[in-house]
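Order of the sequence lines sets the chain letters (A, B, ...), proteins ahead of strands, with each chain counted from 1.
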Amino acid sequence: MHELTLAESVIEIVENAARQAGVTRITRVKLSVGALAHVESDALLYCCEVVSRNGAADGARFELERPPGRAKCNACGQEFMLDHLALGCPHCSAHEVTVLDGEQMKVVEIGVV
Amino acid sequence: MCMTCGCGPDAVSIDGKSLQHEHEHSHGHSRHSHAHAHAHSHDHAHAHEHEHSHDHDHAHPHPHDHLHSHEHGPLEAAHAPGTSAERIVQIEQDLLAKNNGYAQANRALFARQGIFALNLVSGPGSGKTTLLVETIKRWQQNGAVAVVEGDQQTSNDADRIRATGAPVVQINTGKGCHLDAHMVGHALEHLQAGQSLKHDSLLLIENVGNLVCPAAFDLGEAHKVVILSATEGEDKPLKYPDMFRAADVMLLSKTDLLPYLDFEVDAAIRYARQVNPAIRVIKLSTKNGEGFDEWMGWLQTGSRQARTSRA
């Protein structure tokens, strides 16, 4: 359950941002976690709600977008969507691929009042 | 977790001592409050606390609130009841940024001292500690070695390492499923305090037995080394691709048992390369010594590089 650790990071980041913005209440938190990042969406959202209690983000709505994985084949050079790290290039079956997108884990923005 | 230094939850301890005891920060507004909310809520009466509990009471009994806010575009969502319009604050901050900062600090320490640090990861029961003990015995003939041992509970593994004479610090993560760079930083302080972290030494960090969570957390190591034992399934690289992708080396261990098992070595290696084409594979056995020349050779090469970069 490293989602709990990640949720603690989320709450720390958003509480710091709220404090810097001079507000005490966060209504919405938008997260972006790539499809290839090792994170279980439901677990992360649940942990965010738990960790946010009694802080500025208590009761906030947590939104999670999961941008798809995208990779480029090192062999044939084609770009493609990648759902799973063990899947190779759909064009030439090579496994030497460079992941271009889909591994990020970040807080995008927050709504505050 | 403490906001100032990032101390982990109360349950984390190093050599049996809680991390919290070493960091008696006095800042009043920290997220310790959530951990103590039930027992001590009256102790944490921040000025805005009433507001929080008010919001809390309203948010949960009225789930249609959420539906309502979905009707608006994401940028104008969520007008909280009875408050002014929401304002957006752009953040774009990586969830692992803080861990990675601690990892960089550890890495800088290793670089300054010529230390070759490895993060050993595997599922429980792969024989990590036995492998460490055998590795330490061989390494001690030529150089210094220290160990950071991570487990949820007990100091059993550290005791086994200590029996070799190598300095070891035990981190107990409590409920935590992985080591993070901050815990390791504290463990390094302990080793330094005991004059046990020698220049140009080998540092072996044995992570919590778990093929999932430790993959995400950089500790500042030169390499992650994943251990897959022949008593496990050969398809573990496909089941836990993140870990095998994060590792630079896979030790395929307990090869002495292969005659008695259905484990297909070639398939295991093929699967590992499917998720990580560059992964180096070393087959070894602590029982009959197979592969140890290659493993020790790889360690010596890495250690030499770390030493040279210091000089």
Within residues 77-86 of chain A, the residues sitting under 4.5 Å from chain B by heavy atom, in sequence order, are A/H84, A/L85, A/A86
Between B/L96 and A/M105 the two heavy atoms that sit nearest each other are CD1-CE, 3.3 Å
- Please assess A/H38 against B/V212 for the test side-chain contact (heavy atoms from CB on, under 4.5 Å), listing each intermediate value before the final yes or no. CA-CA 8 Å; A/H38 20 239; B/V212 183; 5.5 Å; no
CG (B/L95) and CD (A/Q104) are apart, to the nearest 0.5 Å, by 10.5 Å
Assert top hit (heavy-atom pairs under 4.5 Å, partner chain A, pool B/N276, B/V275, B/D242) equals B/D242
- prompt: Quick one: are A/R28 and B/I88 in side-chain contact, heavy atoms under 4.5 Å?
  reply: yes
Pairwise side-chain contact, B/V89 with A/Q20, heavy-atom cut-off 4.5 Å (strictly under): no
Contacts of A/E103 meeting salt bridge (Lys or Arg N to Asp or Glu O under 4.0 Å) (sequence neighbours excluded), chain-then-number -> B/R245
Report task. Would you sort out whether B/N210 and A/H2 count as a side-chain contact (heavy atoms from CB on, under 4.5 Å), showing the intermediate values? Result -> CA-CA 11 Å; B/N210 176 345; A/H2 62 300; over 6 Å; no
Honestly, the part of A/V39 sitting under 4.5 Å from a heavy atom of chain B is neither
To the nearest 0.5 Å, atom CD of B/Q93 lies from atom CG of A/L31 at 12.0 Å
So, the part of A/L87 with a heavy atom under 4.5 Å from chain B: the answer is neither
When the 4.5 angstrom heavy-atom criterion is applied to A/E96 and chain B, the contacting part is both
Whatever's closer than 4.5 Å to a heavy atom in chain A on B/Y271 counts as neither
For this session: Carefully, step by step, assess A/V107 and B/E92 under the rule side-chain contact (heavy atoms from CB on, under 4.5 Å).
Result: CA-CA 5 Å; A/V107 180; B/E92 296 287 340; over 6 Å; no
The side chain to side chain contact (heavy atoms under 4.5 Å, CB included) partners of A/S93 (sequence neighbours excluded) come to none
Sorted by chain and residue number, the side chain to side chain contact (heavy atoms under 4.5 Å, CB included) partners of B/R270 (sequence neighbours excluded) come out as B/A267
